[in-house]
Amino acid sequence: MDQQVMQRLKRQLEQELQEIEQRLDESERPQTTELSNYDNHPADNASDLTDQLTEMAIDEHRGDEAEEIKEALQAMNDGTYGKCAVCGEDIPIGRLEAMPKALTCVEHAEKKEEHLRPVEEDLLASTPKSNDFIELEAFGSSDTPQDKI
């Protein structure tokens with residue numbers, strides 16, 4: 001890999017890492033302004049909790065990104081940057097320019113998209129057995145006699 005390209009990518013990663021670490025340092029946890037929850041509406045408490053969880057998730061994401069950048073910078077120092085960590089093939093320069101923290105080629109990149117759907121969908125997508133409803137009906141229902149007509 002060309003040393004100019006390597007230095008440009010390194011500067012880009014270092015700048016991005018500095019920005020993320022600065023945001024993490026400046027990040028504040030939303031605090032509730034109430035001394036007591038006694039007179040609060042439950043929706044107000046839920047809003048406070050949602051704000052807190054959102055900030056925590058954003059901070060966790062930033063922390064994960066910082067770790068990925070540190071790994072890429074370490075690979076640069078080790079001389080392994082630009083080679084796929086799985087197969088050892090050269091990572092295309094276009095991929096590295098688009099995603100400088102990439103340590104694998106496209107073929108070996110994690111398929112995070114597959115994990116975005118809830119696991120319940122696998123169960124719902126499976127074809128139901130013909131006797132499932134009959135088994136469930138044996139447990140009874142809230143139907144009244146006139147509903148069974």
Side-chain angles (χ1 to χ4, degrees), residues 1-139 141:
M1 177 183 300
D2 184 21
Q3 286 301 321
Q4 283 185 322
V5 174
M6 179 77 84
Q7 288 302 319
R8 182 172 45 88
L9 293 174
K10 186 173 185 174
R11 280 193 307 273
Q12 183 179 347
L13 285 170
E14 288 170 342
Q15 181 181 359
E16 192 174 336
L17 180 62
Q18 183 180 10
E19 289 173 6
I20 289 172
E21 288 176 342
Q22 182 179 357
R23 285 188 204 134
L24 283 171
D25 290 341
E26 293 172 355
S27 155
E28 293 181 16
R29 298 264 187 257
Q31 301 288 328
T32 183
T33 57
E34 299 293 326
L35 297 176
S36 168
N37 288 328
Y38 179 74
D39 62 342
N40 274 7
H41 189 277
D44 293 333
N45 292 335
S47 293
D48 286 345
L49 180 62
T50 300
D51 291 344
Q52 291 172 356
L53 293 175
T54 300
E55 284 299 317
M56 288 171 55
I58 290 171
D59 286 348
E60 183 178 342
H61 176 72
R62 286 180 181 152
D64 291 346
E65 278 202 54
E67 288 302 315
E68 290 176 4
I69 292 171
K70 288 176 184 176
E71 289 174 8
L73 289 171
Q74 184 61 43
M76 285 179 172
N77 292 335
D78 295 343
T80 59
Y81 185 76
K83 301 271 186 200
C84 178
V86 177
C87 66
E89 296 292 321
D90 287 339
I91 299 173
I93 192 69
R95 174 168 170 75
L96 292 174
E97 288 176 343
M99 184 180 230
K101 61 186 174 194
L103 297 177
T104 59
C105 60
V106 175
E107 290 80 25
H108 293 109
E110 291 181 21
K111 303 291 185 200
K112 294 180 181 178
E113 300 85 30
E114 295 174 4
H115 305 291
L116 293 177
R117 304 305 308 168
V119 294
E120 291 85 0
E121 286 187 356
D122 293 338
L123 178 65
L124 294 174
S126 65
T127 55
K129 298 176 184 165
S130 59
N131 61 355
D132 284 350
F133 181 74
I134 296 169
E135 290 177 21
L136 289 175
E137 189 68 22
F139 288 102
S141 68

S.K.: If you compare all heavy atoms of Ile91 against all heavy atoms of Arg95, which two are closest, and at what distance to 0.1 Å?
M.R.: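 Reported closest heavy-atom pair: CG2-CD, 3.8 Å.
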S.K.: Do Gln15 and Arg11 make a side-chain contact, defined as non-hydrogen atoms from C-beta onward lying under 4.5 Å apart?
M.R.: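 Gln15 vs Arg11: side chains apart.
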S.K.: If you measure from the Lys or Arg side-chain nitrogens to the Asp or Glu carboxylate oxygens, is any gap between Lys70 and Glu65 under 4.0 Å?
M.R.: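 Answer for the salt bridge query: no.
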S.K.: Working to the nearest 0.5 Å, report the span between CG of Leu49 and CE of Met56.
M.R.: 9.0 Å
S.K.: Just so I know, are the side chains of Lys10 and Asn77 near enough to count as touching, which here means a heavy-atom distance under 4.5 Å?
M.R.: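 When only atoms from C-beta onward are counted, Asn77 and Lys10 do touch, with a gap below 4.5 Å.
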S.K.: Measure the CD-CD1 distance between Gln12 and Ile69 for me, rounded to the nearest 0.5 Å.
M.R.: 9.5 Å
S.K.: Identify the two heavy atoms, one from Ala102 and one from Leu96, that lie closest to each other, and give their separation to 0.1 Å.
M.R.: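 Heavy-atom minimum between the residues: O-CD2, 3.7 Å.
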S.K.: Could you go through Leu9 and Tyr81, starting from their C-alpha distance and side-chain angles, then the distance that decides it, and tell me whether this counts as side chain to side chain contact (heavy atoms under 4.5 Å, CB included)?
M.R.: CA-CA 11 Å; Leu9 293 174; Tyr81 185 76; 3.8 Å; yes
S.K.: Atom CZ of Arg23 and atom CG of Asp59: how far apart are they, to the nearest 0.5 Å?
M.R.: 11.5 Å
S.K.: Could you report the tightest heavy-atom contact between Cys84 and Cys105, atom names first, then the distance?
M.R.: SG-N, 3.4 Å
S.K.: So do the side chains of Met76 and Met6 get within less than 4.5 Å of each other, counting heavy atoms only?
M.R.: yes
S.K.: Minimum heavy-atom separation for Ala72 and Pro100, please, with both atom names.
M.R.: CB-O, 4.1 Å
S.K.: With the side chain counted from C-beta on, respond yes when Lys101 and Glu71 share a heavy-atom pair under 4.5 Å apart, and no when they do not.
M.R.: no
S.K.: Does Glu21 have more than 12 heavy atoms from other residues, nucleotides or ligands lying within 6.0 Å of its CD?
M.R.: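 Count over threshold, so yes.
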S.K.: Enter the distance from Leu13:CG to Gln18:CD here, rounded to the nearest 0.5 Å.
M.R.: 13.0 Å
S.K.: Measure the spacing between CD of Glu67 and CD1 of Ile20 and express it to the nearest 0.5 Å.
M.R.: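 One finds 10.5 Å between CD of Glu67 and CD1 of Ile20.
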S.K.: Do you see a donor-acceptor pair shorter than 3.5 Å between the side chains of Asp78 and Gln74?
M.R.: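 Short answer, yes.
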S.K.: How long is the gap from CZ on Arg8 to CG on Asp2, to the nearest 0.5 Å?
M.R.: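 One finds 9.0 Å between CZ of Arg8 and CG of Asp2.
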S.K.: Taking everything shown except His61 itself, do over 12 heavy atoms lie less than 6.0 Å from its NE2?
M.R.: no
